[in-house]
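First the proteins, then the strands, lettered A, B, ... as listed; each starts at 1.
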Number of protein chains: 2
Amino acid sequence: MRATTIRLRRDASQTDRAILGMRDLVLRGEFKAGDRLTELALVETLGLSRTPIRAALQQLTQEGLLEAVQPTGYLVRGFSESEIFDAIEVRGTIEGLAARMAAERGVSQPTLRDMRDCLAKIDEVLTRSNLGDGQLARFGALNEQFHHLLLHASGSEMVKHAMSRVVTLPFASPNAFVLVQAKIPGSLEILKIAQAQHHDIVDALEERSSARAEPLLREHARNARKNLELVLRNTDALRHLVGAPLIRRRGGT
Amino acid sequence: MRATTIRLRRDASQTDRAILGMRDLVLRGEFKAGDRLTELALVETLGLSRTPIRAALQQLTQEGLLEAVQPTGYLVRGFSESEIFDAIEVRGTIEGLAARMAAERGVSQPTLRDMRDCLAKIDEVLTRSNLGDGQLARFGALNEQFHHLLLHASGSEMVKHAMSRVVTLPFASPNAFVLVQAKIPGSLEILKIAQAQHHDIVDALEERSSARAEPLLREHARNARKNLELVLRNTDALRHLVGAPLIRRRGGT
DNA sequence: ATCCGGCACGTTGTATACATTTTTGCCATA
DNA sequence: TATGGCAAAAATGTATACAACGTGCCGGAT
């Protein structure tokens with residue numbers, strides 16, 4: 001390799017760096033949706049050899065960020081608003097399945113306790129009258145934890161696996177729109193509603209009501225659809241949304 | 001390369017051959033669940049170089065057939081009965097989502113006609129009093145076509161994409177247990193019930209009843225669960241099930 | 001006998017040379 | 001001007017050499 005090689009690495013392999021670097025480039029919009037990615041260009045940009053680049057291209061394609069085209073090559077994917085809506089709907093459906101299974105099969109007391117604890121911490125965050133970035137980040141971490149606990153409660157590796165695949169798409173994760181809420185007026189109300197749903201969900205699991213739990217999760221996911229709409233109509237918030245450059249707007253970028 | 005190189009290829013790349021070859025080896029049970037796969041061993045077995053082997057390992061891992069382990073390496077995955085059940089449940093859930101979307105958004109007349117035509121052909125196959133392998137293969141092809149038409153009717157690329165990921169797992173596809181039905185007594189009845197559900201599904205789509213269409217597809221997928229149980233209790237059928245060596249039985253292979 | 005260091009080997013990670021395929025752009029021809 | 005085809009350039013596909021990393025074995029010291 002050249003003398004330009006960065007030797008700062010702690011433990012990351014070249015392949016990991018290629019994946020992280022390329023994901024970053026794509027999500028930040030360094031490449032536009034529809035752009036063709038060539039290995040050699042990425043070799044130059046990232047300072048890595050073709051082998052890890054190829055592995056990363058394959059990885060990001062399976063994540064859904066890139067698209068393999070025939071006969072050969074990769075494109076940066078773009079996402080229409082309706083595709084993002086559908087991705088969120090798929091996520092809500094899988095989470096609904098997780099909730100149904102959890103309710104049907106029963107959730108262990110320790111797991112229920114973990115969920116209640118998690119919600120208590122979120123309640124505490126939401127008592128503050130206005131949220132700074134730090135509080136929002138804490139909400140995001142706890143929110144993610146709650147959704148992980150739900151998957152754990154489902155007791156199904158297959159459901160976890162299905163969820164992990166759905167969530168690799170930008171905008172599809174339960175946390176996708178949390179961090180930009182600071183830029184949206186009324187965000188506290190939105191988060192309080194989400195948290196009320198969280199409580200209802202645990203109630204449903206506790207009473208083993210799959211018929212309540214499943215639609216609750218579907219509806220819970222639809223918050224993200226509303227948030228997407230808000231963000232799309234708010235230029236300042238859009239600037240802070242990770243992956244925003246990949247969104248294809250009707251009649252424009 | 002060695003003189004042993006097979007030059008029969010039409011258009012398959014080495015990478016394609018590695019993927020097909022490895023998938024075949026795994027599904028046929030040449031490697032047992034839990035076996036570690038080393039690149040060099042596969043190089044010897046398949047007569048390819050490490051580069052396409054590595055790509056194939058990555059691909060089969062994302063398909064769910066292999067499992068990447070730390071610090072480094074790949075294992076052949078095994079599937080418990082309950083994992084297969086859950087995989088089928090996930091598939092039914094995604095198909096249910098597809099059906100709901102199709103009903104809500106409305107299915108075009110040409111697509112409805114295609115579905116009706118497809119079902120008419122299946123009806124014809126099922127009028128024969130007993131099914132040979134050829135008839136069963138035809139049923140399988142038409143069944144697959146029907147399920148593809150449903151995805152098409154959903155009008156959602158995201159749902160198609162989610163389904164394509166679910167279906168890569170062995171046993172999860174709508175056709176997984178069709179081809180072994182020849183070995184199971186009463187298979188004609190099973191297929192007739194499935195076909196009755198097909199008709200109900202199209203009826204529901206036609207009247208745009210998402211509330212009917214979604215649960216119909218979930219229940220339809222559960223046929224596969226029943227078939228799995230039948231096959232697991234029938235040694236002869238099990239021998240003809242693709243991927244059977246990967247099934248972990250309680251207290252045995 | 002046990003613990004520990006270090007060497008040898010097997011495996012994966014990475015870079016790169018070479019082969020093959022695909023794209024591109026030019027030029028001749030209609 | 002449109003078109004066909006050919007050659008050059010660029011890209012990907014493939015093989016392989018070498019590096020880095022573990023892991024286990026063996027021998028020596030306590």
(Q) So, OP1 or OP2 of dA15(C): does either fall under 4.0 Å of a side-chain N or O from S49(A)? (A) yes

(Q) What I want to find out is whether E81(A) reaches R225(A) closely enough, with some N-O distance under 4.0 Å, to be called a salt bridge. (A) no

Q. In whole angstroms, how far is the C1' atom of dT14(C) from the CG atom of L48(A)?
A. 10 Å

Q. Can you tell me how far C1' of dT16(D) sits from CD of E44(B), to the nearest Å?
A. 15 Å

Q: Inspect the surroundings of CZ in R28(A) and state if more than 12 heavy atoms from other residues, nucleotides or ligands are less than 6.0 Å away.
A: no

Q: Applying ring-ring contact (aromatic ring centres under 6.0 Å, His included), run through H147(B) and H152(B) and close with a yes or a no.
A: CA-CA 9 Å; H147(B) 285 261; H152(B) 176 69; over 10 Å; no

Q.
Just to verify, what does T38(B) make a side-chain contact (heavy atoms from CB on, under 4.5 Å) with, not counting sequence neighbours?
A. R36(B), A41(B)

Q) Can you check the L46(A) CG to dA15(C) P distance for me, whole Å? A) 12 Å

Q: May I have the distance from L42(A) (atom CG) to dT14(C) (atom P), rounded to whole angstrom?
A: 16 Å

Q: Report, as a single string ordered 5' to 3', how protein heavy atoms within less than 4.0 Å touch nucleotides 7-13 of chain D: B base, S sugar-phosphate only, - not at all.
A: ----SBB

Q. Charged N to carboxylate O under 4.0 angstrom, E83(A) versus R77(A)?
A. yes

Q: Classify the side-chain pair Q14(B)/R17(B) by whether it contains a donor and acceptor separated by less than 3.5 Å.
A: yes

Q) How long is the line joining CD1 of I53(A) and P of dG13(C), in whole Å? A) 16 Å

